[in-house]
Amino acid sequence: MELTVECQKRTAESKPNTLRRNGLIPAVLYGHNGTESLALTLNAKAAETLVKKASLNNTLINVNIPDASWSGKTLLREVQTHPAKGFIYHLSFFAVASQKSLEVEVPLHFLGEAVGVKVNGGMLDLVMTAVTVQCPPESIPDAIEIDVSTLDVGNALHIREIPLPAGVKVVGDPDQVVVSVLRAQGGTEEASAE
């Protein structure tokens, strides 16, 4: 999924609280020109929509800055919210156009019902709910789907067995367990263990 948002350059004398009162959210763009950063503002309603639709460090966002003559692909790196009122306080974007490969965290979606749970009364143990992957910016998956329906009691699925889209590689120990089916223990055994 890709989203688009339009921002304006923020002047050095502008005060963040004044901007917020006027329906604008302060933001910053990193990495658009080497190590240089660019202070921005964007419409508060656009910021709310963006935060609802985008995942941190995962969703590609096309940022257009007409008054800076810059447009490019970014990731939403940070969303700061007001501690008491919960509204958006500040956004941070990171330009990825110059990056050949990125490391991002991607959620895991488990599909099906394990045979070890359905037939043999086991319990599904989700060891990981997300993995860090390395891939080009345009290949970032929204999620990785894993079918657990063939797992029986005592079976486990490891990182090396995760089905991955082309160009995507998991970062981490390939022998790390992602999901397994545990034998359900009887009530008396649980009681004595406590």
Side-chain angles (χ1 to χ4, degrees), residues 1-5 30-31 47-63 72-81 86 88 91-194:
M1 171 173 52
E2 279 193 38
L3 302 169
T4 300
V5 67
Y30 297 104
E48 287 170 18
T49 302
L50 181 70
V51 169
K52 284 180 188 165
K53 292 182 177 179
S55 300
L56 277 183
N57 296 314
N58 184 285
T59 306
L60 277 182
I61 301 162
N62 291 310
V63 172
K73 295 183 185 306
T74 68
L75 291 175
L76 185 59
R77 280 285 197 223
E78 182 182 29
V79 177
Q80 294 177 13
T81 55
I88 299 169
L91 299 176
S92 297
F93 296 98
F94 178 72
V96 296
S98 62
Q99 306 291 317
K100 287 184 174 48
S101 183
L102 294 170
E103 281 190 15
V104 294
E105 191 172 81
V106 177
L108 299 174
H109 291 177
F110 297 94
L111 307 174
E113 187 175 1
V115 69
V117 173
K118 191 164 143 181
V119 177
N120 298 321
M123 294 181 350
L124 194 66
D125 182 26
L126 304 179
V127 180
M128 301 174 75
T129 56
V131 290
T132 301
V133 300
Q134 188 174 40
C135 62
E138 65 278 359
S139 299
I140 299 172
D142 292 330
I144 295 173
E145 295 184 341
I146 299 175
D147 183 5
V148 296
S149 57
T150 60
L151 292 180
D152 203 346
V153 173
N155 292 156
L157 188 93
H158 301 84
I159 283 180
R160 68 178 177 274
E161 299 166 312
I162 295 176
L164 297 170
V168 178
K169 182 175 86 171
V170 175
V171 177
D173 180 4
D175 294 324
Q176 168 72 41
V177 173
V178 176
V179 58
S180 66
V181 178
L182 305 175
R183 183 172 310 285
Q185 295 185 340
T188 54
E189 289 175 21
E190 284 179 4
S192 62
E194 290 179 84

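For the single chain, residues carry numbers from 1 onward in sequence order. No experiment lies behind these values; they were computed from the predicted model shown.
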Under 3.5 Å, side-chain donor or acceptor atoms of residues 120-136 against the rest of the protein: list the pairs with distances, not counting sequence neighbours.
from, atom 1, to, atom 2, distance (Å)
Asn120, ND2, Asp152, OD1, 2.7
Asn120, ND2, Asp152, OD2, 3.4

For a quick test of your reading: what N or O donor-acceptor pairs under 3.5 Å do the side chains of residues 161-175 make, sequence neighbours left out?
from, atom 1, to, atom 2, distance (Å)
Glu161, OE1, His158, N, 2.6
Glu161, OE1, His158, ND1, 3.1
Asp173, OD1, Asp175, N, 2.9
Asp175, OD1, Arg160, NH1, 2.4

Item to check | Minimal non-hydrogen separation, Val148 against Gly112, with atom names | outcome: CG2-O, 3.6 Å
Checklist entry - With side chains defined as the heavy atoms from C-beta onward, is the minimum distance between Val115 and Val181 less than 4.5 Å? => result no
Checklist entry - Is there a side-chain contact between Phe110 and Leu157 (heavy atoms, below 4.5 Å)? => result no
Next on the checklist: Quick one, Leu76 with Phe93, criterion side-chain contact (heavy atoms from CB on, under 4.5 Å). Give me CA distance, side-chain angles, the key distance, then yes/no.
Outcome noted: CA-CA 5 Å; Leu76 185 59; Phe93 296 98; 3.8 Å; yes
Checklist entry - Tell me, do Ile159 and Val178 make a side-chain contact under 4.5 Å, heavy atoms counted? => result yes
Item to check | CD1 on Ile88 to CD on Gln80, rounded to 0.5 Å | outcome: 11.5 Å
Checklist entry - Can you tell if the side chain of Leu60 reaches within under 4.5 Å of the side chain of Leu75, non-hydrogen atoms only? => result yes
Item to check | Worked check of side-chain contact (heavy atoms from CB on, under 4.5 Å) between Leu56 and Val79 | outcome: CA-CA 8 Å; Leu56 277 183; Val79 177; 3.9 Å; yes
Next on the checklist: How close do Phe94 and Gly31 get, counting heavy atoms only, and between which atoms?
Outcome noted: CE1-CA, 4.5 Å
Checklist outcome for this item: Heavy atoms of Thr150 and Asn155 approach each other most closely as O-OD1, 4.1 Å
Next on the checklist: Evaluate Leu91 against Val51 for side-chain contact (heavy atoms from CB on, under 4.5 Å), listing each step before the verdict.
Outcome noted: CA-CA 9 Å; Leu91 299 176; Val51 169; 3.9 Å; yes
Checklist entry - What's the shortest heavy-atom distance between Val106 and Pro141, and which atoms? => result CG1-O, 3.7 Å
Next on the checklist: I need the Thr4 OG1 to Leu50 CG distance, nearest 0.5 Å.
Outcome noted: 10.0 Å
Checklist entry - How close do Thr59 and Ser55 get, heavy atom to heavy atom, and via which atoms? => result OG1-N, 2.9 Å
Item to check | Side chain to side chain, Val179 and Leu108, heavy atoms closer than 4.5 Å | outcome: no
